[in-house]
Amino acid sequence: MELLIKDRLYIPAFLPKEGNFKDFNTKKSILNKIEITQDERQAVGLKENAETKRIEWDVEKDTPLVVDFSAEEMQYLKTSCEKISDQSLPDDMWQTVERIYDAIQLQKQDKE
């Protein structure tokens with residue numbers, strides 16, 4: 001699954017704030033895989049705008065990160081996205097949700 005900086009910033013917001021120990025470990029594994037390194041931050045100029053309190057970066061320099069999520073992690077992501085499905089979120093957040101669902105469908109097709 002290819003994830004842009006925006007996706008990697010949004011995914012933690014989708015994940016539940018609490019759960020059992022297994023959920024905690026699954027979430028921790030996902031977060032470790034999508035972490036934005038210091039080198040990446042510098043390469044794209046990732047920073048918080050002091051005036052607007054928004055995170056900004058040079059999208060032209062954004063290189064997708066290819067992440068291999070396990071079946072368990074994909075299920076956790078799917079469940080997390082389903083839990084927020086009734087919320088009002090910005091369109092670009094829904095694009096990240098859509099990217100997750102597309103990856104889940106591809107994973108299912110690969111198994112068939």
Side-chain angles (χ1 to χ4, degrees):
M1 179 175 188
E2 289 188 355
L3 298 173
L4 297 170
I5 296 283
K6 184 180 284 190
D7 301 320
R8 294 161 66 194
L9 291 170
Y10 281 151
I11 288 174
F14 300 155
L15 303 179
K17 305 293 181 238
E18 55 186 42
N20 61 34
F21 190 64
K22 181 181 176 189
D23 292 343
F24 167 77
N25 283 316
T26 303
K27 179 168 60 171
K28 186 167 70 168
S29 176
I30 291 168
L31 294 176
N32 284 336
K33 289 180 179 183
I34 66 170
E35 180 181 4
I36 302 168
T37 66
Q38 193 59 38
D39 288 343
E40 286 178 292
R41 290 172 189 272
Q42 289 176 344
V44 299
L46 185 72
K47 65 182 182 311
E48 182 179 358
N49 182 316
E51 291 177 18
T52 63
K53 301 289 184 204
R54 294 179 59 95
I55 297 174
E56 299 174 346
W57 65 96
D58 184 346
V59 295
E60 298 295 321
K61 296 180 180 177
D62 191 349
T63 305
L65 174 71
V66 177
V67 182
D68 273 333
F69 291 116
S70 69
E72 185 177 302
E73 291 166 339
M74 291 299 278
Q75 182 59 46
Y76 186 78
L77 286 166
K78 179 182 178 199
T79 302
S80 299
C81 290
E82 288 170 351
K83 287 181 180 176
I84 63 166
S85 65
D86 292 335
Q87 294 181 20
S88 293
L89 299 172
D91 286 348
D92 56 350
M93 285 183 96
W94 289 122
Q95 290 170 347
T96 299
V97 170
E98 186 175 50
R99 183 173 278 125
I100 291 168
Y101 275 108
D102 289 347
I104 291 167
Q105 291 304 314
L106 281 174
Q107 193 177 57
K108 282 182 183 178
Q109 289 173 2
D110 289 345
K111 288 183 180 180
E112 294 175 357

(request) Heavy atoms only: give me the nearest A13-K17 pair and the separation to one decimal. (result) O-NZ, 4.1 Å
Sequence neighbours excluded and cut-off under 3.5 Å, please list the side-chain donor-acceptor pairs for residues 19-26, or say none.
unit_1	atom_1	unit_2	atom_2	d
N20	OD1	K22	N	3.1
N20	OD1	D23	N	2.7
N25	ND2	F21	O	3.3
T26	OG1	K22	O	2.9
T26	OG1	E72	OE2	3.0

Kindly write out the residues that satisfy side chain to side chain donor-acceptor pair (under 3.5 Å) with [X], not counting sequence neighbours, or none if the list is empty.
X   : value
T63 : none
K27 : none
S80 : none
E98 : none

(message) To the closest 0.5 Å, what do you measure between CD1 (I36) and CZ (R41)?
(response) 5.5 Å
(request) Working to the nearest 0.5 Å, report the span between CG of L46 and CD of E40. (result)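 The CG atom of L46 sits 9.5 Å away from the CD atom of E40.
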(request) Measure the shortest side-chain to side-chain distance between L106 and D102 over non-hydrogen atoms and say whether it is less than 4.5 angstrom. (result) no
(message) Less than 4.5 Å apart, side chain to side chain, heavy atoms only: is that true for E73 and K33?
(response) yes
(message) Donor-acceptor pair, distance only, cut-off 3.5 Å: does the side chain of D62 make one with the backbone of L4?
(response) no
(request) Assess whether atom CD of E18 is packed by more than 12 heavy atoms of other residues, nucleotides or ligands within 6.0 Å. (result)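 No, because the 6.0 Å sphere around CD of E18 holds 12 heavy atoms or fewer from other groups.
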(request) Going by the side chain to side chain donor-acceptor pair (under 3.5 Å) test, name the single residue among Q75, K83, E82 that passes it with T79. (result)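 Exactly one option meets the side chain to side chain donor-acceptor pair (under 3.5 Å) with T79, and it is Q75.
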(request) Show which residues join I11 in its hydrophobic cluster (side-chain heavy-atom contacts under 4.5 Å, direct or indirect), or state none. (result) M1, L3, Y10, F14, L15, I30, L31, I34, L65, V67, F69, M74, Y76, L77, I84, L89, M93, W94, V97, I100, Y101, I104
